[in-house]
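As a basis for the values below, the full set of heavy atoms in this structure was taken, side chains included, without hydrogen atoms, waters or symmetry mates. Sequence positions, counted from 1, serve as the residue numbers for this chain.
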Amino acid sequence: MAAGAAQAPQPRSAPASQLHNRPLVTVLTPVYNTDPKWLARAVESVRRQTYPHWQLVLADDGSTSEPTLEYLRSLADDAAIEVLLAEANEGIAAASNRALAAAEGEFIAFLDHDDELHPDALLECVRRLNERPQTDAIYTDEDKIDRRGALSEPFFKPDWSPELLRGVMYVGHLLVVRRSLVESIGGLDPAFDGVQDFELMLRVSERTERIEHVPRVLYHWRKLPNSIAASLDAKEGISDLQAAAVNRHLERRGARAFARPNPELPHRVLIHHKPRPRWPRVTVIVPTKDAPVHLARCLDSIFSRSTYPNFGVLLVDTGTSDAEALRLFDRHPVEVLPFDGPFNFSRVNNVGARHADGDFVVFLNNDTEVQTPEWIEAIVGLAEPDGVGAVGPLLLYPNGSVQHAGVVLGLRGTADHIMRGFPASSDGYAGSLSCTREVSAVTAACLLMRRGLFLDLGGFDEHFATHYQDVDLCLRVRRSGRRILYTPRAVLRHHEGATRGDHYDHLDRALLLDRWDDTIARGDPYYNASLSLAGADYEPEAAAA
């Protein structure tokens with residue numbers, strides 16, 4: 001993105017005097033041989049805060065640079081700034097912990113020694129605390145700043161997305177956390193120097209779900225030689241440390257999974273599910289009529305490639321008369337359930353779900369083709385925790401590009417697939433394609449849910465004859481307090497529309513908008529409002545770009 005992309009005018013905040021609760025916020029900054037030019041800019045960015053109730057603690061980590069030490073000593077007369085000097089270099093986590101021990105604020109904020117805060121950074125975070133007083137942690141959007149002060153590469157983040165955090169260090173800066181919470185979990189861990197803030201956030205997420213996102217660029221990350229801001233390859237071993245932090249996190253949660261670095265994409269973690277002796281029963285429900293080429297490809301791929309040990313396939317036959325298609329019913333160990341009456345996608349799948357014997361059901365189009373053998377393990381493993389309501393995979397067009405990687409509310413005025421046409425091997429937007437993450441909805445072309453939950457929610461609404469029944473279902477899942485996940489760990493090829501055709505049901509669209517217009521108008525929590533809804537590619541709005 002162009003330099004200065006994050007400098008678009010943003011609404012001015014009301015003054016701090018109008019806030020009912022004005023807690024002290026302590027900014028923690030570890031320092032080591034920092035060029036005084038950049039350190040001074042970091043300090044001045046704190047002094048320029050429009051929120052006046054702050055304390056800055058600079059914890060030197062045994063600097064040997066006399067200019068650095070001279071600048072630190074020059075701050076001695078500022079009552080709002082405390083400078084802690086040290087003789088030994090112990091690392092960034094140890095220095096941060098010394099700063100934490102000196103903090104007086106109810107909340108702490110982390111500022112690197114060569115970065116800068118937006119003048120409204122603390123004010124906007126405290127404003128959110130006033131809106132939601134029980135909040136324990138807040139993070140904001142960020143961008144990059146170069147030696148000349150030019151801003152670029154704004155990162156417009158999703159709202160709190162714990163699954164995404166396990167795959168990518170997306171929270172980043174600015175991070176503000178309740179001090180008592182950080183102290184209760186032991187501060188930062190020196191074993192994870194280099195990813196210490198990421199590892200801390202994983203532990204914070206184990207203690208609280210009261211985590212807020214302020215969707216405004218309030219932190220400027222300095223691009224200097226040998227910094228990760230300038231190059232992801234600047235520091236060796238980061239990906240291994242990141243995976244190690246996630247493994248500790250998974251162990252503490254008792255998850256039957258382990259993490260490894262993504263061998264193709266730096267700073268991305270792949271989570272694998274551990275082998276187990278027993279898996280829950282899964283029923284794969286495939287509505288079908290004729291179309292022998294597509295059905296053969298679908299069934300052959302399921303039975304020849306799937307490694308899941310405990311699944312069955314239920315074909316809901318809506319009137320097959322083609323002789324070749326009928327022969328396919330006997331080629332594999334499938335159960336065939338006849339369906340009489342006019343075709344209605346929602347009703348067909350509801351009938352199948354009521355008949356299914358699985359603990360989980362997978363709704364699967366007959367024009368799909370399994371690509372990854374462990375596709376069922378991947379989606380079942382994610383759906384087992386109580387807080388997850390539905391899981392969908394990565395679907396590819398026949399040419400190998402992305403067809404589905406989650407649904408964003410507001411695209412096309414209703415909802416649509418994000419990242420259509422992206423190369424399947426790409427990272428997406430900051431890990432949005434390569435990592436499992438929360439989304440607002442997934443497509444019913446391949447959607448897994450607990451059968452009991454599906455039935456409890458009333459199944460697919462049969463008023464939706466052709467389109468949007470999956471979006472409606474997922475929004476009801478979210479309304480029940482559960483999350484929807486997309487995962488690239490399960491991949492299928494989707495010959496979209498091969499059996500349904502190109503018909504678009506405008507009545508279904510009208511029904512979706514009538515029922516969920518307010519929800520759609522509020523915006524998708526996992527797609528930042530600074531990103532354009534004109535396309536499905538994470539491009540910034542013109543005003544933000």
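In this structure, the side chains of Ile185 and Arg207 come closer than 4.5 Å at one or more pairs of heavy atoms. Counting only heavy atoms from C-beta outward, the side chains of Ser301 and Glu369 approach each other to under 4.5 Å. The side-chain heavy atoms of Trp516 and Arg476, taken from C-beta on, include a pair separated by under 4.5 Å. Two residues are said to be in side-chain contact when any heavy atoms from C-beta on lie closer than 4.5 Å; Leu326 and Asp322 fail this criterion. The side-chain heavy atoms of Val491 and Pro393, taken from C-beta on, include no pair separated by under 4.5 Å. Val362 has its side chain within reach of Ile379: a pair of non-hydrogen atoms, C-beta onward, lies under 4.5 Å apart. Between Ile484 and Val391, the closest side-chain pair of non-hydrogen atoms is not below 4.5 Å. Between Phe258 and Lys274, the closest side-chain pair of non-hydrogen atoms falls below 4.5 Å.
Checked by atom type and distance alone, the side chain of Ser306 never pairs as donor or acceptor with a backbone atom of Tyr308 at under 3.5 Å. Not a single donor-acceptor pair under 3.5 Å links the side chain of Asn262 to the backbone N or O of Leu270. In this structure, Asp427 contributes its side chain and Ser434 its backbone to no donor-acceptor pair below 3.5 Å. Side-chain atoms of Arg268 do not come within 3.5 Å of backbone N or O of Ser239 as any donor-acceptor pair. Not a single donor-acceptor pair under 3.5 Å links the side chain of Asp524 to the backbone N or O of Ile520. Ser401 places no side-chain N or O within donor-acceptor distance of the main-chain N or O of Phe422, the cut-off being under 3.5 Å. Side chain of Arg210 to backbone of Gln134: a donor-acceptor contact under 3.5 angstrom is found. Side chain of Arg178 to backbone of Phe107: no donor-acceptor contact under 3.5 angstrom is found. Thr135 contributes no side-chain N or O that, together with a main-chain N or O of Ala137, makes up a donor-acceptor pair within less than 3.5 Å. A side-chain donor-acceptor contact under 3.5 Å links Lys157 to the backbone of Val171.
Side chains of Asp472 and His463: a donor-acceptor N/O pair is absent below 3.5 angstrom, by distance only. In this structure, a donor-acceptor pair under 3.5 Å is present between the side chains of Ser161 and Glu438. A side-chain N or O of Ser440 and one of Arg478 form a donor-acceptor pair less than 3.5 Å apart. When only modelled atom types and interatomic distance are considered, His294 and Arg297 share a side-chain donor-acceptor pair under 3.5 Å. Tyr538 and Tyr527 share no side-chain donor-acceptor pair at under 3.5 Å. Looking at Asp300 and His332, their side chains do bring a donor and an acceptor atom within 3.5 Å of each other. The closest side-chain donor-acceptor pair between Tyr486 and Thr436, if any, does not fall under 3.5 angstrom. Judged by distance alone, the side chains of Thr283 and Asp357 do bring a donor and an acceptor atom under 3.5 Å apart. Side-chain contact of Asp189 with Gln196: a donor-acceptor pair under 3.5 Å is absent, judged by distance alone. A donor and an acceptor atom, one from each side chain of Ser425 and Glu264, are nowhere located under 3.5 Å apart. Checking Arg420 against Tyr397 by side-chain atom types alone, a donor-acceptor pair falls below 3.5 Å. Donor-acceptor pairing under 3.5 Å is recorded for the side chains of Arg482 and Ser480. For the residue pair Arg256/His273, the side-chain donor-acceptor check at 3.5 Å is not satisfied.
Note: Tyr526 OH to Asn528 CG = 13.5 Å, rounded to the nearest 0.5 Å. Taken to the nearest 0.5 Å, the CZ atom of Arg281 stands 13.5 Å off from the CZ atom of Phe360. Between the CD1 atom of Ile271 and the OG1 atom of Thr487 there is a distance of 9.0 Å, given to the nearest 0.5 Å. Between the CG atom in Asp136 and the CZ atom in Arg179 there is a gap of 14.0 Å [rounded to 0.5 Å]. The CG atom of Leu447 sits 6.5 Å away from atom CG of Leu473, with the distance rounded to the nearest 0.5 Å.
Checked for salt-bridge contact, Arg128 and Glu131 meet the test: a charged N lies under 4.0 Å from a carboxylate O. Between Asp461 and Arg515 there is a salt bridge, with a side-chain nitrogen of the basic residue lying less than 4.0 Å from a carboxylate oxygen of the acidic one. Salt-bridge formation is not detected for the pair Arg248/Glu199: no Lys NZ or Arg NE/NH1/NH2 atom is positioned less than 4.0 Å from an Asp or Glu carboxylate oxygen. With respect to Arg437 and Glu163, no salt bridge is recorded, no charged nitrogen being found less than 4.0 Å from a carboxylate O.
Between Asn344 and Phe464, the shortest heavy-atom distance links the atoms OD1-O, 3.9 Å. The minimum heavy-atom distance linking Gly352 with Val316 is given by the pair CA-CG2, 4.0 Å. In this structure, Pro280 and Val380 approach most closely via the heavy-atom pair CG-CG1, 3.8 Å. Ile238 and Gly194 make their closest contact through CD1-O, 3.8 Å (heavy atoms, listed as atom of the first residue, atom of the second, distance). Residues Gly358 and Arg451 come closest through the heavy atom pair O-CD, 3.3 Å.
When ring centroids are compared, Tyr170 and Tyr139 come within the 6.0 Å threshold.
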Trace of the salt bridge (Lys or Arg N to Asp or Glu O under 4.0 Å) decision for Arg253 with Glu206: CA-CA 8 Å; Arg253 295 179 65 243; Glu206 296 163 20; over 6 Å; no
Verdict with supporting geometry, His213 and Ile138, side chain to side chain contact (heavy atoms under 4.5 Å, CB included): CA-CA 6 Å; His213 166 224; Ile138 300 172; over 6 Å; no
Working for side chain to side chain contact (heavy atoms under 4.5 Å, CB included), residues Glu209 and Ile211: CA-CA 6 Å; Glu209 295 181 352; Ile211 299 170; over 6 Å; no
Stepwise side chain to side chain contact (heavy atoms under 4.5 Å, CB included) test for Val402 and Leu433: CA-CA 9 Å; Val402 172; Leu433 181 57; 3.9 Å; yes
From CA spacing to verdict: side-chain hydrogen bond (donor to acceptor under 3.5 Å, both in side chains), Thr414, Arg412: CA-CA 5 Å; Thr414 50; Arg412 295 200 304 169; 5.0 Å; no
Criterion ring-ring contact (aromatic ring centres under 6.0 Å, His included) on Phe460 and Phe454, from CA distance to verdict: CA-CA 8 Å; Phe460 291 112; Phe454 178 79; 5.2 Å; yes
Val269 vs Val168, side chain to side chain contact (heavy atoms under 4.5 Å, CB included): CA-CA, chis, key distance, verdict: CA-CA 7 Å; Val269 168; Val168 55; over 6 Å; no
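Among the candidates Thr443, Asp367, Thr368, the single residue satisfying the side-chain hydrogen bond (donor to acceptor under 3.5 Å, both in side chains) test with His494 is Asp367.
Seen from the ring of Trp279, Arg276 counts as a face-on cation partner, given the 6.0 Å and 45° thresholds.
Counting non-hydrogen atoms of other residues, nucleotides and ligands closer than 6.0 Å to CD of Glu183 gives a total above 12.
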